[in-house]
There are 2 protein chains.
Amino acid sequence: MNQNAQVSRIQRGKRTEIRRENERVILDAAERVFAEAGYGGATMQLIADMAGLPKANLHYYFPTKEALYRQVVRNIFEIWLHAADTFDDAPGPVEGIGGYIEAKMEISRRHPFGSKVWASEVMHGAPVIQDYLETTLRDWTVGRMAVIQRWVDEGKMAPVDPRHLLYMLWAMTQHYADFGHQIETLNGGHPLTDAQWREATETVKSVILRGIGVV
Amino acid sequence: MNQNAQVSRIQRGKRTEIRRENERVILDAAERVFAEAGYGGATMQLIADMAGLPKANLHYYFPTKEALYRQVVRNIFEIWLHAADTFDDAPGPVEGIGGYIEAKMEISRRHPFGSKVWASEVMHGAPVIQDYLETTLRDWTVGRMAVIQRWVDEGKMAPVDPRHLLYMLWAMTQHYADFGHQIETLNGGHPLTDAQWREATETVKSVILRGIGVV
DNA sequence: AATTATGTTGACCGAATGGTCAGGTTGTGG
DNA sequence: CCACAACCTGACCATTCGGTCAACATAATT
């Protein structure tokens with residue numbers, strides 16, 4: 001019975017499980033190495049070492065360095081998009097934008113490597129995910145801009161350009177991940193504590209919400 | 001006489017002039033290539049091609065790739081620091097912070113490559129300019145935080161955490177350089193026009209200044 | 001138990017990269 | 001005009017990198 005319980009919970013064939021686990025380990029290691037060294041600076045050997053696997057094994061699961069990188073970037077992009085769920089059902093800018101800031105700050109904290117990979121990719125001209133920018137991200141942006149514009153029209157917030165407001169939100173929240181090293185250095189070399197993260201989030205929220213004329 | 005005029009204006013010895021000019025050309029090309037490809041992705045050959053010089057000539061002026069990179073980063077850092085001159089003699093937050101935003105937005109526009117190199121360097125853990133972060137930047141930051149805190153104490157602005165306010169300013173202004181490609185893509189593939197840059201600057205300024213309780 | 005499909009890995013390869021160097025050219029000071 | 005110094009560069013080298021492959025090990029299937 002013990003065996004059955006295990007099988008039904010996790011093991012749907014050991015093969016699939018091995019594959020799932022190895023892909024996860026490799027992707028985690030790759031995300032970190034790509035973030036710390038950049039695409040050009042990252043080597044398959046380094047990723048392999050961090051994953052605890054021989055290099056040839058990486059090429060068994062991901063045919064090329066670019067394919068591996070592509071998968072890492074797409075994973076981040078998914079997380080990134082879902083942060084906007086808070087936007088959709090919000091009755092007004094206080095909950096919508098305030099919640100979005102909180103969600104994105106949380107992502108910066110939980111996924112600093114992914115955020116850096118994304119930033120690096122965009123900074124280098126988005127060679128891999130240009131199509132995503134032109135389709136998914138574009139649609140997403142247009143949709144949220146419409147929501148913000150509606151709030152403006154309904155007098156729920158000051159008449160702020162929705163596009164640049166979105167850019168400001170992205171910039172500030174991602175800054176805490178992408179420039180985390182600089183922030184840490186200016187914090188005496190220590191990572192931000194729980195309280196400091198809360199402080200940062202609250203400061204951003206209060207300045208922005210007051211800045212768009214709510215509260 | 002024509003010869004004398006030229007000599008007195010630019011040529012203080014042709015040798016020094018050649019050196020100055022070549023170093024400038026190399027540094028410009030390097031800044032661009034490092035920004036677009038990252039440190040690891042940049043090659044001396046690529047920089048040489050962009051500078052229109054043979055690769056061996058680069059090594060004559062800059063012994064190693066790292067030395068060249070180091071010089072590029074330091075040049076950016078200098079520009080970056082000078083943007084805060086507006087801070088010093090300002091009577092209050094409207095002029096001080098408003099002027100700082102304008103100055104940094106202008107830098108993002110004029111030196112997009114440099115900004116990206118800086119961002120890349122910090123994102124990768126500042127391997128080259130860590131000492132600068134710990135000394136120059138730290139002192140700079142402490143100084144400006146004091147100015148902001150004084151404005152708060154004098155009741156000239158809302159009680160906003162100076163440190164996080166500075167981070168917000170850096171984040172938003174640099175975003176327009178570092179994520180310029182994303183912004184351009186979302187702008188239909190066209191670079192921001194003069195009017196759009198003004199719009200961006202004004203939006204950032206108005207939201208922030210209102211957000212810190214002035215105007 | 002035998003056969004097949006999937007996973008594993010050390011050894012290897014061609015290409016590219018950072019850097020060197022010898023032998024040249026050009027400017028400069030005497 | 002000469003000699004020295006600064007500048008220039010094609011050819012070259014050692015190293016490293018992404019990627020391949022053959023041989024092997026393990027799991028699934030019949």
Residue [X], side-chain heavy atoms: nucleotide from [options] that is nearest:
X       : options               : result
A/Arg19 : C/dG7, D/dG10, C/dG27 : C/dG7
A/Thr43 : C/dT8, D/dG18, D/dC8  : D/dG18
A/Met44 : D/dG18, C/dT9, D/dC7  : D/dG18

Whole angstroms only, please: what is the [atom1]-[atom2] distance between [X] and [N]?
X       : N      : atom1 : atom2 : result
A/Asn22 : C/dG7  : CG    : P     : 9 Å
A/Glu17 : D/dA28 : CD    : P     : 11 Å
B/Lys55 : C/dT20 : NZ    : C1'   : 10 Å
B/Tyr69 : C/dG19 : OH    : C1'   : 20 Å
B/Glu21 : D/dA6  : CD    : C1'   : 17 Å
A/Asn57 : C/dA11 : CG    : C1'   : 16 Å
A/Lys14 : D/dT26 : NZ    : P     : 10 Å
B/Ile47 : C/dG19 : CD1   : P     : 11 Å

If you find the nucleotide of DNA chain D closest to A/Ala56 and the one closest to A/Gln45, which residue's nucleotide is nearer the 5' end?
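Between the two, 5'-proximity favours A/Gln45.
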Without hydrogens or angle criteria, can the side chains of A/Gln130 and B/His181 be said to hold a donor-acceptor pair below 3.5 Å?
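On atom types as modelled, these side chains qualify, holding a pair under 3.5 Å.
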Do B/Asp161 and A/Thr203 get their side chains close enough for a donor-acceptor pair, meaning under 3.5 Å?
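There is no such pair (donor and acceptor under 3.5 Å, judged by atom type) between the side chains of B/Asp161 and A/Thr203.
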Tell me whether the OP1 or OP2 atom of C/dG7 has a side-chain N or O from A/Tyr60 closer than 4.0 Å.
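Checking C/dG7 against A/Tyr60, a side-chain N or O does come within under 4.0 Å of OP1 or OP2.
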Looking for any heavy atom pair under 4.0 Å, which part of the strands does A/Ala48 touch: base, sugar-phosphate only, or nothing?
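Since no nucleic acid heavy atom lies under 4.0 Å of A/Ala48, the category is nothing.
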May I ask you to say what B/Ala67 touches in the nucleic acid, namely base, sugar-phosphate or nothing, with a heavy-atom cut-off under 4.0 Å?
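B/Ala67: no heavy atom of the nucleic acid under 4.0 Å.
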Heavy-atom nearest nucleotide on DNA chain C for B/Lys65 versus A/Tyr61: which residue maps closer to 5'?
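The 5'-side residue here is A/Tyr61.
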Given DNA chain C, 5'-ward residue of the pair B/Ile18 and B/His59, judged by closest heavy atom
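Going by which nucleotide is closer to the 5' end, it is B/His59.
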Could you pull out the closest heavy-atom pair between B/Gln174 and B/Ser115, with the gap in Å?
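Closest pair (atom of B/Gln174, atom of B/Ser115, distance): NE2-OG, 3.6 Å.
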Return the minimal non-hydrogen interatomic distance between A/Ala37 and A/Ala42, and the atom names on each side.
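Taking A/Ala37 first and A/Ala42 second, the nearest heavy atoms are CB-N, 3.7 Å.
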Below 3.5 Å, does any donor atom in the side chain of A/Arg15 face an acceptor in the base of D/dT26, or the other way round?
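Counting by modelled atom types and ignoring angles, a donor-acceptor contact under 3.5 Å is found here.
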Steps toward side-chain contact (heavy atoms from CB on, under 4.5 Å) verdict (A/Thr43, A/Leu46)
CA-CA 5 Å; A/Thr43 69; A/Leu46 222 72; 3.3 Å; yes
